[in-house]
> 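First, the structure itself, so that you have it in front of you.
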Amino acid sequence: MPEGLIVKALSGYYYVKPLASAEENVLQCRGRGIFKKKGITPLVGDQVLYTPTENGEGMVDEILPRDTELIRPPIANASHAVLLFSVKEPDLNLQLLDKFLVHIEHAGLRPLICLTKEDLLNEQGDEQDRNLTRQVGELYEKVGYEVIITSSLTGSGTDEVKARLAGHISVFAGQSGVGKSSLLNAMLPGLSLETSEISLKLGRGRHTTRHVELIELDNGGYVADTPGFSQLDFLELGVEELSSCFIEFSEYAEQCKFRGCSHLHEPGCRVRAAVEEGEIVSSRYKHYVQFYEEMKDKKRRY
């Protein structure tokens, strides 16, 4: 039975790219009825076994074991997440960036922070904004994340991002209008994805992507072009898991006086001490406290 990769799912059909190098065409397939009975849904990113049928279509027979599985966007086997945040239009929102990082850490993906629209800083010549962008990059690199500053207009940083995605399935995440489609177009000339205009009044872009689809790069990587997110909730995450999603907390959390320390008010908390000593960035800790309260509040309401 040949093996393939689901690159798109739409209206009950799964579009499977054969992994045998001789076959290039994507095959339109249905899923076996047994999947529905078992409550299994094939996902974009799934490696599957399939059978070609007489009408030039195919049938997905088996889903191979998944390494990772995301609920939103629904995608399997992604290993990297590119977090796109524009330096201007819309302005950088570090609380939202930290919220995305929590979700990505929880999902077990490797994050890459991509600060887009660098050309706007040069265009508008604002030294203060340039300094802020540099400081944000240094802040997150200190935490332990890789940060690349890009411009789809000038091409700056796009080759670097593309090189990081070689051989992996990656998801792009971030608010609408931060330049996801523009960056993909810059990495893959000839792709011409529809880009969204920014509504300055609302500060967010129009949604232009309707379904999850894998876009193949020419270096063995695939990128999931997913709908833009502007809101994330914490329903999939337990409050006790939150601190482990702030990666810089872990070495200090091990030294806390109490096991299961919430890092909010307990005596002998090494995480809070590290914040006071400037070893943990105070803005990150502040967001941790906000998210903790938000999760507690949600738990009470549900």
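These numbers were taken from a predicted model, which means no experiment stands behind them.
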> Quick one: does any side-chain atom of E105 pair with a main-chain N or O of V102 as donor and acceptor, under 3.5 Å?
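The answer is no, because no donor-acceptor pair under 3.5 Å joins these two groups.
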> Side-chain contact test, heavy atoms from C-beta onward, threshold under 4.5 Å: evaluate it for V171 versus V82 and give yes or no.
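No, side chains not in contact.
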> Can you sort out the partners of Y14 under ring pair (Phe, Tyr, Trp, His ring centres under 6.0 Å), two or more places apart, ordered by chain and number?
none
> Do V271 and I280 come within less than 4.5 Å of each other through their side chains, counting heavy atoms only?
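Side chain of V271 against side chain of I280, heavy atoms only: contact under 4.5 Å found.
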> Taking only residues two or more places apart in sequence, or in another chain, which ones meet D61 in a salt bridge (charged side-chain N to carboxylate O under 4.0 Å, His left out)?
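Checked D61 against salt bridge (charged side-chain N to carboxylate O under 4.0 Å, His left out); matches are R32.
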> With heavy-atom distances below 4.5 Å as the criterion, would you say the side chains of P52 and C29 are in contact?
no
> Kindly write out the residues that satisfy salt bridge (charged side-chain N to carboxylate O under 4.0 Å, His left out) with E248, not counting sequence neighbours, or none if the list is empty.
R284
> Please give me the minimum heavy-atom distance between G45 and N77, naming the atom from each residue.
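For G45 versus N77, the nearest heavy atoms are O-ND2, 2.8 Å.
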> Would you call the rings of Y15 and Y13 parallel, tilted or perpendicular if under 30° counts as parallel and over 60° as perpendicular?
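Geometry flag for Y13 against Y15: tilted rings.
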> Could you measure the distance from the CG atom of L27 to the CD1 atom of I6? Nearest 0.5 Å is fine.
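The distance works out to 11.5 Å.
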> Are Y222 and I215 side-chain neighbours, meaning at least one heavy-atom pair lies under 4.5 Å?
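SC-SC contact between Y222 and I215 ruled out.
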> Can you find a pair of side-chain heavy atoms, one from P2 and one from V16, that are under 4.5 Å apart?
no
> Could you walk me through whether E279 and Y252 satisfy the side-chain hydrogen bond (donor to acceptor under 3.5 Å, both in side chains) test, starting with their C-alpha distance in whole Å, then the side-chain angles of each, then the deciding distance to 0.1 Å, before giving a yes or no?
CA-CA 10 Å; E279 290 164 24; Y252 303 103; 3.1 Å; yes
> Where do P18 and Y50 come nearest, in terms of heavy atoms and distance?
CB-OH, 3.3 Å
> Given the rule that I, L, V, M, F, W and Y join up when any side-chain heavy atoms are under 4.5 Å apart, are F35 and L49 in one cluster?
no
> Do any N or O atoms from the side chain of N219 and from the backbone of L165 form a donor-acceptor pair under 3.5 angstrom?
no
> Side chains of S262 and E266: do they bring a donor and an acceptor to under 3.5 Å?
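Looking only at side-chain atoms, E266 and S262 do form a donor-acceptor pair, the distance falling under 3.5 Å.
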> Any chain of hydrophobic side-chain contacts (each under 4.5 Å) joining L83 to L94?
yes
> Keeping the roles fixed (side chain from D46, backbone from V48), state whether a donor-acceptor pair exists under 3.5 Å.
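No, the answer is negative, given that no donor and acceptor are paired below the 3.5 Å cut-off.
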> For the residue pair F249 and H263, categorise the inter-ring angle as parallel (less than 30°), tilted (30 to 60°) or perpendicular (more than 60°).
perpendicular
> Grab the two heavy atoms, one from E146 and one from R164, that are nearest each other, plus how far apart they are.
OE2-NE, 2.5 Å
> Indicate yes or no for a side-chain donor-acceptor contact from Q255 to the backbone of E251 under 3.5 Å, with no hydrogens or angles considered.
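Looks like yes, one N/O pair under 3.5 Å.
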> Output yes when E294 and K99 qualify as a salt bridge under the 4.0 Å nitrogen-oxygen rule, no when they do not.
yes
> Could E69 and R66 be called an ion pair, given the rule that one side-chain N must be under 4.0 Å from one carboxylate O?
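R66 and E69: salt-bridged.
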> Has K8 got a side-chain atom pairing as donor or acceptor with E213's backbone, closer than 3.5 angstrom?
no
> Determine, using the 4.5 Å side-chain heavy-atom cutoff (strictly less than), whether L5 and M59 are members of one ILVMFWY cluster.
no
> Taking side chain as C-beta onward, heavy atoms only, is D98 less than 4.5 Å from Y288?
no
> Sub-3.5 Å donor-acceptor pair from the side chain of S152 to the main-chain atoms of L183, do we have one?
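Yes; at least one donor-acceptor contact below 3.5 Å.
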> Restricting to salt bridge (charged side-chain N to carboxylate O under 4.0 Å, His left out), what partner residues turn up for E277, sequence neighbours left out?
R270
> Where do S86 and T116 come nearest, in terms of heavy atoms and distance?
CA-OG1, 3.2 Å
> Which label fits F246 and F291: parallel for a plane angle under 30°, tilted from 30 to 60°, or perpendicular past 60°?
tilted
> With a 4.5 Å cut-off on side-chain heavy atoms, are T68 and I169 touching?
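No - every pair of side-chain heavy atoms lies 4.5 Å or more apart.
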> Scan for ring pair (Phe, Tyr, Trp, His ring centres under 6.0 Å) pairs involving residues 127-148, sequence neighbours excluded, and state none if there are none.
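Pairs touching residues 127-148 that pass the test: none.
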> Is the shortest heavy-atom distance from the side chain of H287 to the side chain of Q290 under 4.5 Å?
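H287 reaches Q290 side chain to side chain.
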> Thinking salt bridges, do R30 and E57 make one under a 4.0 Å N-O criterion?
no
> In this structure, would L19 and L64 fall into the same cluster of hydrophobic residues linked by side-chain contacts under 4.5 Å?
no
> Partners of H80 by ring pair (Phe, Tyr, Trp, His ring centres under 6.0 Å), sequence neighbours excluded?
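Checked H80 against ring pair (Phe, Tyr, Trp, His ring centres under 6.0 Å); matches are H168.
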> Is there a continuous path of hydrophobic side-chain contacts, each under 4.5 Å between heavy atoms, that joins I63 to L70?
yes
